[in-house]
J.: 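The structure's right below; bear with me while I get my questions together.
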Amino acid sequence: MARGEVVSAYRTLLRATRKTFAGDSLMLKESAVEVRKKFEENRNVSSDTEIQRLLQDAREASHFITNMIVQAKLNSSAGSYGM
């Protein structure tokens with residue numbers, strides 16, 4: 001398994017969190033910690049089949065973070081939330 005593929009998946013996930021949680025320092029920090037934790041938990045996986053499954057999970061997570069999570073911002077003048 002190419003280490004580069006794993007590094008690429010890691011960076012893609014971090015980019016997705018930075019884009020989605022821009023301006024929300026708590027979520028940026030916590031999401032980076034969670035991504036790192038998940039990759040560290042699987043550092044010693046050696047089965048190509050398992051690595052491919054984990055990479056697919058990472059791709060799906062990145063897609064979900066990028067396309068399914070919306071960060072609303074409080075519009076203080078109107079007292080409501082917007083995007």
Side-chain angles (χ1 to χ4, degrees):
M1 177 52 47
R3 181 178 184 270
E5 211 175 336
V6 174
V7 172
S8 177
Y10 179 74
R11 288 180 178 161
T12 299
L13 265 169
L14 289 180
R15 267 188 242 111
T17 61
R18 282 195 303 265
K19 177 183 171 192
T20 300
F21 301 123
D24 187 342
S25 58
L26 177 62
M27 283 303 296
L28 280 169
K29 180 181 176 194
E30 293 300 319
S31 61
V33 167
E34 186 65 20
V35 168
R36 177 68 180 216
K37 182 178 112 185
K38 291 295 183 187
F39 275 79
E40 286 293 332
E41 286 173 1
N42 295 294
R43 175 183 287 275
N44 296 315
V45 172
S46 58
S47 162
D48 281 344
T49 304
E50 183 65 10
I51 292 170
Q52 286 303 319
R53 186 191 64 77
L54 291 165
L55 287 170
Q56 182 59 34
D57 289 349
R59 285 188 286 273
E60 289 173 7
S62 178
H63 181 303
F64 183 85
I65 291 167
T66 303
N67 297 298
M68 305 301 277
I69 296 177
V70 177
Q71 283 285 96
K73 294 183 176 123
L74 178 61
N75 180 341
S76 57
S77 63
S80 62
Y81 288 92
M83 289 185 251

J.: Could you pull out all residues at least two apart from Phe64 that satisfy ring pair (Phe, Tyr, Trp, His ring centres under 6.0 Å)?
T.: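 Per chain and number, Phe64 pairs via ring pair (Phe, Tyr, Trp, His ring centres under 6.0 Å) with no residue.
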
J.: What distance separates Glu5 CD from Leu55 CG, expressed to the nearest 0.5 Å?
T.: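 Result: 5.0 Å between the selected atoms.
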
J.: Quick check against the 3.5 Å criterion: does Thr66 have a side-chain atom that pairs as donor or acceptor with the backbone of His63?
T.: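 Judged by distance alone, no pair lies under 3.5 Å.
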
J.: First locate atom OG of Ser62, then atom CG of Asp57, and finally report the distance between them rounded to the nearest 0.5 Å.
T.: 12.5 Å

J.: For residues Tyr10 and Leu14, determine if any side-chain heavy atom of one lies less than 4.5 Å from a side-chain heavy atom of the other.
T.: yes

J.: Determine whether Leu26 and Phe21 make a side-chain contact, defined as any pair of heavy atoms from C-beta on separated by less than 4.5 Å.
T.: no

J.: Carefully, step by step, assess Lys37 and Glu41 under the rule side-chain contact (heavy atoms from CB on, under 4.5 Å).
T.: CA-CA 6 Å; Lys37 182 178 112 185; Glu41 286 173 1; 3.3 Å; yes

J.: Is the side chain of Asp24 donor-acceptor paired with the backbone N or O of Met27 at a distance under 3.5 Å, no angle test?
T.: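 Side chain of Asp24 to backbone of Met27, a donor-acceptor pair under 3.5 Å: yes, one is there.
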
J.: Sequence neighbours left out, what passes salt bridge (charged side-chain N to carboxylate O under 4.0 Å, His left out) with Glu40? Give chain and number order.
T.: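 Counting only residues at least two positions away or on another chain, Glu40 forms a salt bridge (charged side-chain N to carboxylate O under 4.0 Å, His left out) with Arg36, Arg43.
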
J.: Please answer: with hydrophobic residues joined when any side-chain heavy atoms are less than 4.5 Å apart, are Val35 and Ile69 in the same cluster?
T.: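 Hydrophobic grouping puts Val35 with Ile69.
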
J.: What I'd like to find out is whether the side chain of Phe39 reaches to under 4.5 Å of the side chain of Leu13, using heavy atoms alone.
T.: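 Phe39 vs Leu13: side chains touch.
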
J.: For the residue pair Gln56 and Arg59, confirm or rule out a side-chain donor-acceptor distance under 3.5 Å.
T.: yes

J.: So with a 6.0 Å cut-off around CZ of Arg11, is the heavy-atom count from everything else above 12?
T.: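 No - once you tally the heavy atoms of other residues, nucleotides and ligands closer than 6.0 Å, there are 12 at most.
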
J.: Look only at the side chain of Thr20 and the backbone of Ile65, and say whether a donor-acceptor pair between them is shorter than 3.5 Å.
T.: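 Such a contact is found between Thr20 side chain and Ile65 backbone.
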
J.: Ignoring hydrogens and geometry, is there a side-chain-to-backbone donor-acceptor pair from Thr12 to Ser8 under 3.5 Å?
T.: yes

J.: Which atoms form the tightest heavy-atom contact between Arg18 and Leu28, and what is the distance?
T.: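 Residues Arg18 and Leu28, closest heavy atoms: CA-CD2, 3.5 Å.
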
J.: So which heavy atom on Thr17 is nearest to which on Ser31, and how close?
T.: CB-OG, 3.4 Å

